[in-house]
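What follows is one structure encoded as structure tokens, with my remarks underneath.
Reminder, nothing fancy here: chain letters follow the sequence lines and each chain counts from 1. This one's a predicted model, so the numbers in the text were calculated from it and none came from an experiment.
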Amino acid sequence: MTTAHPNKRMAWIAQLNAVRDHKDRVAFAELFGYFAPRLKSFLMKSGTSPDMAEECAQEVMVTVWNKSHLFDPTKASVSTWVFTIARNKRIDMFRKQRRPEPEDLPWGPEEQPSQADTIALQQETEILGRALADLPAKQRELIERAYFGELTHREIAAETGLPLGTIKSRIRLALDRLRHAMN
Amino acid sequence: MTQIKHHLTAPLLMGYAAGTLPEAFDLVVATHVSMCDECRAAVAEYDALGGEVMLDAAPANMDADALAATLAMIDQGAPAPVPRQNVRGVFPAPLQDYVAGDLAAVKWRKIGGGVSQMILKTSGTATVRLLKIPAGTTIPDHGHRGTELTMVLQGAFYDESDRFGVGDVEVANEDMHHTPIAEAGTDCICLAATDAPLRFSGILPRLAQRFSGI
């Protein structure tokens, strides 16, 4: 089981910002070195052939470069964001069309993402990752199989054994603030 | 935001985050999440869980020239972003994408009992349609095959258990039998998806039966 250290998560954010602000290829190479092999592995476990997984992992990393300005560290860890790009790419490949996405939110230009919110969200994601790693093997496999696409929604257990709710509450508060600002 | 009382279930939210639901269900989830901050936040958490599952995957070997190939693709430039209509009408944006417009763009077809529908094109075996049920109309007692998601977009319906208003989703399985009634006042417009295989197609005498299976 590998889990990322919170400092590592902050380092990913710094690397992504360097890509966004300076088209920094060294920083990109570091992100690529960490995420691409895991993306490929994840995609293969989700039933994608090694060749397709290689191609898809590379395309995901291209999107990471192109969309680095859209990443918001107060709403997601880099691992979360990269995962959602990979998931959407996989759906595009299989369905040959874009996944239905919720209405975009007018978050507005984040002046300067709050450092406190950024750190808190990164730590909460870290805790979730550790809780996943600490689950009994059988329970963890059940969650992994849900994400690998081996379970239908009717086979997914409502009870995960994970301490879910912290990240949800944080995002919920951010949404409340946004709605308040819109009114 | 309207007051939403009936939300999506945890397995559906996780399935949406995992990207493993049929497209028809994805559309209902995306439409509901557009109107429901509670479920949007829950999806964000399941996205985070997906990221951690991905990190746990033992790294696979990339091709030797993978980084160079990726940088070469980057050098070709980014595709222009596709602008999205994001004007909320009766339908949230993801549904407008499938209808190619808002309520006025729907091509209704009558299916009996005063009810009209429009089937939306999706891949896979699950299907999704818009339904228009005249105010005050009762839908005969019916069972369900597979899972059916019904989301209210306009008006409301109620059954033995509760009232479903705009934004609410009813999640029904085989074990559910009910007699929904469209509330008086406004025609009830719903987005309904089911993963039960459709056994009939366009044969007139079967339309009533088809509707009862909806």
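- Both the backbone and the side chain of B:D63 come within contact range of chain A, with heavy atoms under 4.5 Å apart.
- With a 4.5 Å cut-off on non-hydrogen atoms, B:Y16 touches chain A through its backbone and its side chain both.
- A salt bridge between A:R99 and B:E23 is absent, with no side-chain N of the basic residue lying under 4.0 Å from a carboxylate O of the acidic one.
- The ring pair (Phe, Tyr, Trp, His ring centres under 6.0 Å) check on A:F35 picks up A:W12, with sequence neighbours excluded.
- Between A:E101 and B:R40 there is no salt bridge, since no side-chain nitrogen of the basic residue lies less than 4.0 Å from a carboxylate oxygen of the acidic one.
- Formation of a donor-acceptor pair under 3.5 Å by the A:E103 side chain with backbone atoms of B:P92 is not found in this model.
- Looking at B:T147, both its backbone and its side chain come within 4.5 Å of chain A, counting heavy atoms on both sides.
- Heavy atoms closer than 4.5 Å to chain B are found in the side chain of A:R87, but not in its backbone.
- Atom CG of B:N61 is surrounded by 12 or fewer heavy atoms from other residues, nucleotides or ligands within 6.0 Å.
- With respect to the salt-bridge test (charged N to carboxylate O, under 4.0 angstrom), the residues B:D56 and A:K45 do not qualify.
- Heavy atoms closer than 4.5 Å to chain B are found in both the backbone and the side chain of A:A36.
- When heavy atoms are compared at a cutoff of 4.5 Å, B:A10 approaches chain A solely by way of its side chain, counted from C-beta outward.
- Ion pair B:D195/A:R154 not flagged as a salt bridge, since none of the NZ, NE, NH1 or NH2 atoms sits closer than 4.0 Å to an Asp/Glu carboxylate oxygen.
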